[in-house]
Amino acid sequence: MAEVTSLSEAVAALVDDGDSVALEGFTHLIPFAAGHELLRQGRRELELIRMTPDLLYDQMIGVGSARKLVFSYGGNPGVGSLHRFRDVIENHWPHEIEIEEHSHAGMANRYAAGASNMPCAVMRGYVGTDLVAHTRVAGITCPFTGEQLVAVPALNPDVSIIHAQEADRDGNVQLWGIPGVQKEAVLAASRSLVTVERIVDELEPKPGGVIIPGWVISYVAEAPGGSRPSYSLGITERDNDFYRFWDKLSRDRDEFTAWMREHVLDREAVGS
Amino acid sequence: MAEVTSLSEAVAALVDDGDSVALEGFTHLIPFAAGHELLRQGRRELELIRMTPDLLYDQMIGVGSARKLVFSYGGNPGVGSLHRFRDVIENHWPHEIEIEEHSHAGMANRYAAGASNMPCAVMRGYVGTDLVAHTRVAGITCPFTGEQLVAVPALNPDVSIIHAQEADRDGNVQLWGIPGVQKEAVLAASRSLVTVERIVDELEPKPGGVIIPGWVISYVAEAPGGSRPSYSLGITERDNDFYRFWDKLSRDRDEFTAWMREHVLDREAVGS
Amino acid sequence: MSVEAQSREVTAAETQTVAAARRLRDAQTVFIGVGRPSTAAILARMVHNPDLVLVYESGTIGAKPFHIPLSIGDGELAETADAIVSVTEMFNYWIGAGRIDVAFLGAAQIDRYANLNTTVIGDYAQPKTRLPGAGGAPEIASSCGEVIVIAPHSPRTFVEHLDFRTTVGHGEGNGTRGRCGFTGKGPTAVITDLGTLEPDPDTKELTLVQLHLGVDVDEVQEKTGWRLKVADQIRHTEPPNERELEALRELQSR
Amino acid sequence: MSVEAQSREVTAAETQTVAAARRLRDAQTVFIGVGRPSTAAILARMVHNPDLVLVYESGTIGAKPFHIPLSIGDGELAETADAIVSVTEMFNYWIGAGRIDVAFLGAAQIDRYANLNTTVIGDYAQPKTRLPGAGGAPEIASSCGEVIVIAPHSPRTFVEHLDFRTTVGHGEGNGTRGRCGFTGKGPTAVITDLGTLEPDPDTKELTLVQLHLGVDVDEVQEKTGWRLKVADQIRHTEPPNERELEALRELQSR
């Protein structure tokens, strides 16, 4: 059964320097509060895994918490570049990091393989692209048709962290709206944390609701508004203006650093 | 977009003698009405595919509509044997048929591969069992770890038929409760039919609701009670007494034949 | 109930069911089919382990049935489940991934290494008796934390050689599971209406370790189709206590 | 709106968006990212094809956004979708399975065979400009029925050699897609702010087949980084009609 605790206690108990950590949420339900708490606790040398790094990993990379980045689309959705993501790759600021990139299909299948405790997933893709020379993908032949397919290695993070709308007091979680790869990320990880908008006495199944039983989750922590500036469908709205604002602010290293100190590093943990 | 029509018209338009046909529904939502209509229309030489043949395929095999049976568990759930299934294999009555059997995990992954338009699925299983010598499974090696895994061939029926609670007038379908492999079966097939308890003006998303868009379905037909003696959660209840009754009735070939004539073959199609 | 409970003799089936239920005391999750395993798991939730999570291959996770279900897909299982998933997800993300602690399995034939046959009696092409087949058993047995086999004790069931190996228990003995790459421990107990057998730690050969009340070793040997290994210190199954018996009979009367 | 519509000159962007929307007249399903493709698809639902099914890689199938979404995962897409699926299911059961008729893709670089680069400008290890990366594009381009590329026409975008091939269009020309085992037709049109290019039926080399109003061949050639193939009979893009223009401007004003 998941232990229901505070965000700061959960992060302290779960994540060590050097861990591979997946904070998932596909545009929707991005666990910003948990990521910010990781930064406040000074975690370093992390292998950060996310299909879409989004603003959260732009921030985490920019403050120097990452040793490696595993991703499939590093843009500011609908706005443009992620400037900290670009700066670390183009100019190694604040330091050099390793990158491993895949296609969305590859990452999604890697999570599914991880959730199934399989060593790899078999799919069609990558063929004919320059990605093949720069990432972990291998040919594999269908024993029935002889068709040449590709295999991608399973993704099994040390820790997966997601955000959801609700949990009950036993740590059973319900999320609804765009589910992304969050269930797969939790099931693929050795340890996991789910932050939620609210803790309720009893989960009431919702249309489109995805239930993750508490017994496959390590920790659940209440973090109201914990997905902002992303959103939690039905509870908060995506702050599109902030995504545009970030495009301007994050271009400048000093402005970025000052903003992060004022709005993240020197702040208290949500829900603590 | 799915064509919304009568059960008899849909079956006549969809299924030819010799087709491979999957009527799916894992204990819940078994499309009995559609299967019975297939029999009334005299379809023969069918390759019948179902994870759990259940009473429906016991009936279809018993009247001689099958050329081949593909399955993973041929029992009367909680009751015992399927006597027509046993009789056709043990005594070739009413005639000899070919069988291909898998494990549930194998069948489920075969449907998933079919729904993904992949030639095969990779999994762990079958290893060390006598199934390997009697079914279609092949070794395949993980290119990253060297682990020996198994591949099963994709399942792509000519026609898949399922039963659901609701459809709207555009043929968009919603089912809830135990979803089994029905979505996979529909997506894996060349053509498909969904029978429904009721047709509504607008689908109202339900907790646990699985939506199948009308544009991936060939035909939708209203068939109230169309899953009896199986059930449609929230609308009809599983007739456990009938499953027990069938155990007695179906032991005797003549009683079986008489019952099928009276209750199925000489009846009108549901909803027609 | 109490008086009634006293007034009736404990049946072998009741002892077997209670013995199976007790094995779930420390389990978090149990995978069950229908019949006696389902009864034992529901009984365990009532008496031994109220937090026990019942998982059925129909995709219902955390079902809390009030009645003993006839099928693994009864409506009550869906209505009371914490979560319901597709059969594909059940076998890939839950069973195959090794998330289930204990699985109850039955069999028409079992051999000395707890390998199971649920496919055919006789020749595969021309079977004397065609059985249902594999269902989920092969992958359940390879991936779940441990397997407990529940079977009636008779020479027809406990055979020297399986007519068909549907499910691998301990294969040819110690080492087989490792060679097959199985993640779970495999069968840790076979609970019958006469007693309990456990695999020898070294050889994995099934060994009689427990006798139910009023059963002796000779009877068990008589009903076993191979020369049965017997533990030096054989224990007697603690008879169902009043609480267990009342709960079981009340459950079966629902 | 009508008066206002008349009162303003049609911009190249508007012509490009309308030209893209018209391509969806007969499509059942379209796969779209954000930006101009999304605008074109929503416009097509308003004007050319009200039954068009919009599919976004966030997992929303049949979304009916009233506003132009900023991200592919905006709440309005989830709230108006016929169905929402996981990203894994989206890429395996829907995109990979080839269920989508038309996909709109953009690119930072495109070559004469409509291969696309969205990964880096310059060297991969030491890029001059790091771009977002592949996202869903490689598998979308290999599996969807056809691909329509929407890109601004400039020598920086239309290059002789890609710095990185993120997504295969027609590879090295006719035959490549077959050899790669791709199920979809690949790029059937590249729609820019100057005109429309289509692959030559035999060689698959992009050929200028249509010019937007007020654009001539020389200007297109100037803004193309290779010696551009031009169709013998070049057509002129039918300018946005009043209905299209009003709908587009009204949509953008929401």
Side-chain angles (χ1 to χ4, degrees), chain B residues 26-28 51-53 71-82 85-90 101-109 111-112 115 123-131 133-134 147-149 176-184 208 210 230-231 233-234 237-238 240 243-244, chain C residues 33-35 38 56-60 69-75 77-79 81 83-92 95-96 115 117-120 122 124 126-140 142-143 162 164-168 171 176-177 179-183:
Chain B
F26 199 83
T27 312
H28 178 222
M51 291 182 68
T52 60
F71 70 101
S72 43
Y73 182 85
N76 180 339
V79 177
S81 293
L82 291 174
F85 163 84
R86 282 187 56 180
D87 203 15
V88 78
I89 296 175
E90 295 170 10
E101 63 186 306
H102 287 268
S103 67
H104 277 347
M107 284 293 280
N109 277 295
Y111 274 120
M123 57 181 282
R124 287 200 190 86
Y126 294 85
V127 176
T129 73
D130 290 337
L131 279 166
H134 294 284
E147 179 179 353
Q148 187 66 22
L149 305 165
W176 60 91
I178 292 166
V181 290
Q182 284 99 299
K183 184 194 251 186
E184 285 77 9
V210 173
S230 170
Y231 71 108
L233 188 69
E237 297 228 325
R238 189 169 192 270
N240 286 343
Y243 276 79
R244 295 189 189 93
Chain C
V34 287
S38 193
Y56 291 82
E57 68 191 356
S58 56
T60 55
L70 180 66
S71 85
I72 51 101
D74 279 22
L77 300 179
E79 283 155 355
I84 309 178
V85 301
S86 73
V87 173
T88 313
E89 178 177 328
M90 173 55 63
F91 278 96
N92 290 341
I95 295 169
N115 302 301
N117 173 17
T118 55
T119 302
V120 289
Y124 183 77
Q126 289 295 332
K128 192 169 141 304
T129 306
R130 173 66 219 202
L131 304 165
E139 289 77 20
I140 288 162
S142 59
S143 303
L162 300 180
F164 190 98
R165 187 194 285 180
T166 312
T167 300
V168 180
T176 298
R177 294 187 63 86
R179 280 193 301 281
C180 293
F182 295 159
T183 49

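Order of the sequence lines sets the chain letters (A, B, ...), proteins ahead of strands, with each chain counted from 1. Remember, it's a predicted structure, so these values are computed and weren't measured experimentally.
T119(C) has its side chain out of reach of L131(C): every pair of non-hydrogen atoms, C-beta onward, lies at least 4.5 Å apart. You'll find the side chain of F182(C) stays beyond 4.5 Å of the side chain of R124(B), heavy atoms only.
Taken from CD in E139(C) to NE2 in H104(B), the straight-line distance is 10.0 Å, to the nearest 0.5 Å.
Note on N117(C), N92(C), L162(C), T176(C): by heavy-atom pairs under 4.5 Å with chain B, the leading option is N92(C). Between chain C and the options T52(B), L131(B), V181(B), V210(B), heavy-atom pairs under 4.5 Å are most frequent for L131(B). The greatest number of non-hydrogen atom pairs below 4.5 Å with chain B, out of S58(C), P132(C), S38(C), G73(C), is found for P132(C). Of the listed residues (G75(B), A105(B), P53(B), G125(B)), the one with the most heavy-atom contacts under 4.5 Å to chain C is A105(B). Taking chain C as the reference chain and counting heavy-atom pairs below 4.5 Å, the highest number among A112(B), G180(B), G234(B) is found for G180(B). Annotation: maximal heavy-atom pairing with chain C below 4.5 Å, among Y111(B), F71(B), Y231(B), occurs at Y231(B). Of the residues considered (E101(B), M107(B), K183(B)), E101(B) shows the highest number of contacts with chain C, using heavy-atom pairs under 4.5 Å.
Both the backbone and the side chain of P127(C) come within contact range of chain B, each with at least one heavy atom under 4.5 Å from a heavy atom of that chain. The part of E79(C) that comes within reach of chain B is its side chain, from C-beta onward, which places non-hydrogen atoms under 4.5 angstrom from that chain.
In E90(B), the CD atom is crowded: over 12 heavy atoms of neighbouring residues, nucleotides or ligands sit closer than 6.0 Å.
A cation-pi geometry, defined here as NZ or CZ lying under 6.0 Å from the six-membered ring centre and within 45° of its normal, does not hold between R130(C) and F85(B).
Judged as a ring pair (Phe, Tyr, Trp, His ring centres under 6.0 Å), and not counting sequence neighbours, the contacts of F164(C) are H134(B), Y124(C).
No donor-acceptor contact under 3.5 angstrom links the side chains of Y73(B) and T118(C), judged on distance only.
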